[in-house]
Structures are given as structure tokens and as C-alpha cells.
Asker: 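Could you have a look at this structure, given as C-alpha cells, before my questions?
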2 protein chains.
Amino acid sequence: MYDVAAAAGVSHQTVSRVVNNSDQVRPETVDRVRRAMVRLGYRPSGTARNLAVRRTRSLGVVSFMGPLFGPMSMLLSIEAAARRSGYAAQLVSAHGLDAGQVDAVLEEVLRRDVEGVAVIAPTDQQAGMVAGLRDQLPVVAVEGRLGDDVPFVASDNEAGGRLVAEHLLECGHRTIAHVSGPEDWGEARQRTAGWANRLRSAGVEPGPVWAGDWSPESGYRAGVELLAHPRWGEVTAVFAANDSMALGLMAALHRAGAGVPGRVSVIGYDNTPESGWLQPALSTVEQQFDAVGAAAVERLVTSLEGGAAQAELLIPPRLVSRSSVARHGRG
Amino acid sequence: MYDVAAAAGVSHQTVSRVVNNSDQVRPETVDRVRRAMVRLGYRPSGTARNLAVRRTRSLGVVSFMGPLFGPMSMLLSIEAAARRSGYAAQLVSAHGLDAGQVDAVLEEVLRRDVEGVAVIAPTDQQAGMVAGLRDQLPVVAVEGRLGDDVPFVASDNEAGGRLVAEHLLECGHRTIAHVSGPEDWGEARQRTAGWANRLRSAGVEPGPVWAGDWSPESGYRAGVELLAHPRWGEVTAVFAANDSMALGLMAALHRAGAGVPGRVSVIGYDNTPESGWLQPALSTVEQQFDAVGAAAVERLVTSLEGGAAQAELLIPPRLVSRSSVARHGRG
DNA sequence: GTAGGTGTTGTTACCGCTCACAAGACGAGG
DNA sequence: CCTCGTCTTGTGAGCGGTAACAACACCTAC
């Protein structure tokens with residue numbers, strides 16, 4: 001910068017002004033400086049600027065990522081929202097669950113001088129491991145609670161579960177099985193709870209439940225067990241807690257000759273881009289990841305800029321009705 | 001830091017030594033400093049450190065991301081590889097293709113003082129827009145060439161296309177249609193080229209080709225057109241350039257009563273976690289994203305650390321044979 | 001007893017930028 | 001002609017670290 005200043009015959013401060021598009025500089029001078037910058041191949045140092053202004057305008061996104069549709073979509077929408085707010089996103093994803101490894105990741109993100117962190121920690125165990133961040137800097141929890149004192153934004157999974165139950169009830173189903181997500185995922189528990197509660201409030205007892213791990217395989221296994229279950233005869237619908245498990249489930253049903261939705265209806269959760277093209281087209285619940293990501297970043301930014309703490313926010317999902325659910329009985 | 005130094009009764013330099021785990025400090029002193037750090041809630045400033053050492057140890061990842069399986073997987077594996085090499089990943093994704101917007105993104109990544117950039121720009125247009133980065137700092141192109149002078153790492157799509165052709169030939173197919181990806185995607189062209197060339201070298205003329213856009217919808221549309229095509233009668237297999245299009249394609253075939261693989265075999269590309277659970281289970285080609293990401297980062301790091309430029313690298317994919325492809329004729 | 005390590009700590013000068021303020025030029029108003 | 005505000009530019013002091021070197025204590029070897 002001093003070189004540029006010398007080359008343009010001005011002071012370093014004037015160069016700084018030009019770089020920051022200050023309107024306090026004569027156009028002619030701006031020109032001279034600009035030319036000098038180009039000639040010398042000058043690029044301003046963001047690092048030095050950050051140090052001087054004591055802000056980095058960057059947010060950390062720590063996530064425990066597999067190849068899962070949900071977390072991935074979240075990540076993208078958070079990044080987009082952050083950039084819209086003028087922040088950069090430092091991506092830090094922990095793959096394993098090994099405590100030492102997670103700590104290393106956290107240290108890493110702290111070392112990077114991010115101003116705040118969005119944590120996507122959907123399992124309880126993960127949440128526990130990163131909870132300590134909260135007293136280091138502003139944190140927002142996304143899709144998985146981090147504690148009562150941490151702002152929290154998520155898709156409303158309980159509402160999603162209710163939506164499913166309602167839809168199935170409306171279609172006349174009275175014995176509904178469920179393939180849930182892993183029990184240590186808050187989202188999974190909430191989907192299950194919303195579903196079960198809504199059924200009960202309609203006087204219908206929830207049917208048998210299997211816990212899967214979100215994978216198609218686990219859906220398949222649940223399907224196999226369902227087919228062997230004593231109450232299989234009565235079951236007319238199954239709610240899978242995500243589309244992948246629904247897929248595996250349908251594969252098992254198909255293999256056993258139990259047609260969907262002929263013999264049994266199936267509904268999933270997520271609405272991946274593929275869901276509408278499965279055979280049969282899968283009814284499911286769609287989450288508004290963009291809205292969640294945007295809200296999360298907004299909260300983080302608000303608290304960085306001295307705003308008040310906000311209550312937790314749940315974004316309502318929406319039911320997507322397709323052909324894998326059929327009416328049943330006199331319904 | 002000076003506060004900590006004062007509180008511990010040492011010089012700032014000693015504090016610095018403690019922070020960096022220098023072995024030149026008496027254990028007793030280390031202790032005193034550590035305690036002071038905790039007491040004052042001190043956290044070192046990475047920014048200041050970066051400025052002083054003139055390194056940021058961070059890489060930019062600019063990508064043009066949709067919800068596509070490929071690019072997303074790449075992103076994750078790049079991040080992981082970067083962290084293994086001691087670098088952080090600045091995620092910058094451009095959603096639109098609007099030139100102004102892309103430029104803003106590029107400026108953003110430059111402003112962040114990254115030491116190098118991995119560019120995931122699979123279409124020619126995208127590649128054109130970001131090519132300018134190359135003379136600003138070290139760049140590695142991933143999954144989409146940026147120019148002859150930019151190191152390039154990708155999955156070997158031509159080999160993938162050949163693999164498909166070989167497999168289909170082996171199974172006795174002689175009239176093979178193709179649903180390709182968009183023509184301005186290098187990957188799409190290469191898959192098509194590998195497939196077509198391999199067929200020709202076996203004396204088989206490639207069948208009709210439709211260009212899709214990777215989406216299930218486009219696969220479906222191609223399927224509809226295929227069914228109406230004069231040569232539909234001869235076609236015994238279709239190669240879809242990704243699994244999503246294969247899914248849409250199969251939906252169209254199914255709807256028309258053309259069984260897969262009974263009437264016609266279908267093979268996809270990507271091997272998403274769901275592919276094996278479709279009905280029928282989809283034969284496909286699996287790419288080694290982790291290997292590509294690791295190689296990309298490795299190249300970037302090598303060139304940052306003064307290593308020699310390396311030739312481009314193509315990682316071979318692998319055929320996954322499942323039940324959507326059947327033997328045909330005397331095969 | 002003195003020269004010469006070795007281990008530990010302190011001093012000073014940057015890194016590349018911004019901030020607060022000072023300073024010079026210039027036209028307007030009295 | 002002098003004073004005052006406005007426009008534009010320059011000056012000096014940090015921001016929070018690291019690097020290079022100096023300095024001091026203490027021990028060993030001759």
C-alpha cells in the first residue's frame with residue numbers, strides 16, 4: 001500500500017480512501033491511484049484490514065456432516081444467507097464423533113476469529129460436545145437444540161409429524177406404522193412425537209414403530225420386520241421419517257408383493273428432488289431450508305450487532321401429497 | 001496479550017511463546033501465563049497472527065452449486081482434505097450465473113486473503129467467468145477445466161462412459177440410447193464421448209441421444225420422446241448421464257408399460273445412496289469424490305508451498321452393476 | 001578466575017491497514 | 001484583508017501478534 005502511495009505520489013491514507021471508495025477524494029486522484037494499483041498488481045490485505053477494524057465479518061458453520069440431504073441443504077442456505085448479510089462462511093465439518101477430533105475442530109474454528117458460529121448438531125451427543133462454544137462467542141443452533149440459552153432455529157418437525165398424521169387420518173387410515181430416525185436425533189423424536197400425539201388426539205393409537213438410521217438400508221430392514229409383525233395385517237399406512245428410508249421400505253414391500261399404495265400407503269419426509277419420480281411418486285413433507293438458514297444467520301448477525309436475544313423459531317413445513325398414499329376404507 | 005503479560009508478570013513475547021507451545025519456556029512460567037490467560041478470558045487473535053506471519057492458511061472453494069449430488073459431495077471432500085492439510089476452507093458459492101454476481105463472488109473470495117482457490121465450475125460458461133482468478137493466485141480446477149495452464153483434477157468421465165458402453169455391450173445390447181447431461185457441461189460431454197467412442201470401436205453405432213439437464217424431469221421428458229422415437233423398437237438399453245435422470249426416465253418407461261430391465265435396460269451415473277434401492281436397483285457408475293477432493297487440495301497445497309506444477313489428474317470411476325441392466329439376446 | 005556455552009526472558013521493529021486529527025488550499029462573506 | 005467553512009490530503013499512533021536479536025543468570029570446563 002505504501003508502494004502504491006509512493007507510485008501515485010500520495011499518502012497511504014489516500015490509497016486507503018480509494019480502496020474503500022471514499023467520496024472524499026478528487027476523481028483525478030482516484031484515477032492516479034487506481035492506475036498505480038493496477039500497475040503494481042496491488043491487492044489490499046483483508047487480514048490487515050480486519051486487524052485494524054477489529055472485525056472479520058466471517059461466521060463459522062460447524063456441522064457434523066454425512067451425505068444427508070437435510071444438513072447439506074442447510075449448509076448451502078446458511079452460506080447464501082451469510083453472504084447476503086455481508087459475512088463470509090467458514091465451513092468446518094466434523095466427520096467423526098471422537099471427542100478429541102471434535103475439540104480440534106472447535107479450536108480450529110475459534111482460531112479463525114469468526115465472529116459467531118452456526119452449529120448444525122442434530123444429535124444429542126454432538127450437541128453436548130459443542131455446547132461449550134456458547135460461552136466463547138455468539139452461537140445459533142440450527143436443527144438441533146444446544147441448550148435453553150442458545151438461540152435456536154429449525155424446521156418444525158413436530159408440526160411435520162402432525163401434518164403426516166392428519167393426512168393419513170383424512171385418508172381413512174387407522175393403523176399406521178412408523179419408521180423413525182435415530183433416537184438421539186431431536187428431529188427424529190419430534191417427528192415421531194408430532195405424529196403420535198396427533199393420532200392420539202384423534203383417538204387413534206399409533207401403530208408399531210421401528211428406529212432406522214436415515215439410510216435406505218435401515219428402511220428396508222424395518223420393512224422386512226414390519227412384514228413379519230403380528231399386526232401387519234391391520235397396517236394400512238407407514239410413515240417413514242425421511243425419504244431415503246421410505247425408499248428402502250418400499251423396496252422391501254415391493255419385494256414381498258405388498259403394493260404401494262394398493263396394499264399399504266407410504267409417506268416420507270424431506271422431499272428430495274427425486275421423491276416425486278419414484279414409483280410410486282412419494283408423498284412427503286417439505287422443509288424450508290432456505291428460510292431456516294436465513295433466519296439462523298439473521299439471528300446471529302442481530303446478536304453480533306448488538307441486537308436483543310430472540311426466542312426460538314420454528315419454520316413450518318408443508319405436506320406434499322403424491323400417489324404413494326391412497327384413501328382407505330370408507331374414509 | 002499485553003494484558004496477559006502484565007498479569008503474569010512476563011513480557012508479551014513470553015506469552016506468545018506459551019501460546020505457540022514453545023519449549024523454550026520454563027514450565028513454571030508456562031503455568032503462570034496459562035492461569036493469567038484463563039483468568040482474563042484471553043483468546044489469541046488469529047487475524048493478528050496471520051498478519052504477522054503473512055499466511056492465512058485458508059483456501060477458497062468457489063462453486064456453482066445447486067442441489068446436485070456431485071458438486072455437493074466434492075465440496076465436502078475438499079473441505080475435509082483441506083483441514084487434513086492444515087488449511088481452512090472458505091466456502092463461496094455462486095448461485096446464479098449473472099456476470100455481476102459472479103464477479104462479486106470472486107472479489108469476495110479475493111478480499112478474504114485466501115492463499116489458493118479450488119474452483120468447481122462444471123459448465124463452460126462458469127469456467128469462463130472465473131478463469132481470471134488464475135492470474136491472481138494459485139488455482140486448481142475441479143471437475144471442470146479452466147484452461148490448459150490451470151491444474152485440473154476430476155473424475156474420469158470418459159472412462160466412466162466407456163465402462164458403461166462395455167458393460168452394455170457385454171450384456172448383448174446393440175442399440176443403446178443415451179440421455180446426456182447439458183451440452184455445456186464438460187463432464188456431460190465426456191461421459192457421452194467415452195460411451196460413443198467405446199461403442200464405435202466395437203463396431204456398434206450409438207443410438208439416439210437426448211440432452212437433459214440432470215433433473216429427474218428432464219429424464220422423464222427424454223423417456224417420453226424415446227418412446228415415440230421411430231427406432232424405439234430396436235432400443236434395448238439406455239444410458240442416463242446421472243441417476244436422477246435415470247429415475248425420471250424409468251418413471252416414463254414404467255408409465256408406458258415398458259419394464260426395466262425386461263423390455264429395456266437402464267444404467268445411470270453417480271451412485272447416490274438411494275440408487276441401490278430403486279425399483280429396479282439401478283446399475284450405475286460410482287465416482288471417487290474423496291479421492292478427487294484430496295488430490296485437488298494436495299495440488300493446491302503443493303503449489304502454495306513451492307512445489308512443481310503437476311499434470312492433470314483423472315480419477316477412474318467404477319461400475320456398479322445392479323439389476324436395472326439385463327442380458328439381451330444371445331448375449 | 002575467566003571464557004564459553006545453554007536456557008530463559010525481554011526489547012525493538014515490523015506486518016498492512018484504519019482512525020482521529022492536523023494541515024494546507026481555496027472560495028465566500030464581512 | 002482577514003476569518004471561516006469546505007474540500008482534499010497528510011501524519012502519527014495503534015490493532016495484536018511474530019521475528020530477530022540482545023541480555024542476563026547460571027553452570028561447566030580449562
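Letters A, B, ... mirror the listed sequences (proteins, then strands); counts begin at 1.
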Asker: Measure from OH on B:Tyr2 to C1' on C:dT11 and round the result to the nearest Å.
Answerer: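 Taking atom C1' of C:dT11 as the reference, OH of B:Tyr2 is at 10 Å.
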
Asker: Over how many whole Å does the gap from A:Asn20 atom CG to C:dC17 atom P extend?
Answerer: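 Computing the A:Asn20:CG to C:dC17:P distance gives 10 Å.
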
Asker: If you draw a 6.0 Å radius around CG in B:Asp135, do more than 12 non-hydrogen atoms from other residues or ligands fall strictly inside?
Answerer: yes

Asker: Write down the distance between CG (A:Leu40) and C1' (C:dG16), rounded to a whole number of angstrom.
Answerer: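 Rounded to whole Å, this separation is 15 Å.
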
Asker: Donor-acceptor pair, A:Ser22 side chain versus A:Gln24 backbone, under 3.5 Å?
Answerer: yes

Asker: Atom CG of A:Asp3 and atom CE of A:Met37: how far apart are they, to the nearest 0.5 Å?
Answerer: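 Here the rounded value is 13.5 Å.
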
Asker: With a 4.0 Å cut-off on heavy atoms, is A:Thr47 in touch with a base, just the backbone sugar-phosphate, or nothing at all?
Answerer: nothing

Asker: Could you state the atom-to-atom distance from CD of B:Gln13 to P of D:dG16 in whole Å?
Answerer: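 Answer to the nearest Å: 17 Å.
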
Asker: Are the side chains of B:Glu298 and B:Arg84 in contact, using a 4.5 Å heavy-atom criterion?
Answerer: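 Result no, sub-4.5 Å side-chain heavy-atom pair not found.
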
Asker: Which whole-number value in Å describes the distance from A:Leu51 CG to D:dC15 C1'?
Answerer: 4 Å

Asker: Within this structure, what is the NE2-to-C1' distance between A:His12 and C:dA20, rounded to whole angstrom?
Answerer: 12 Å

Asker: Both B:Thr14 and A:Arg43 contact DNA chain C. Which one's nearest nucleotide lies toward the 5' end?
Answerer: B:Thr14

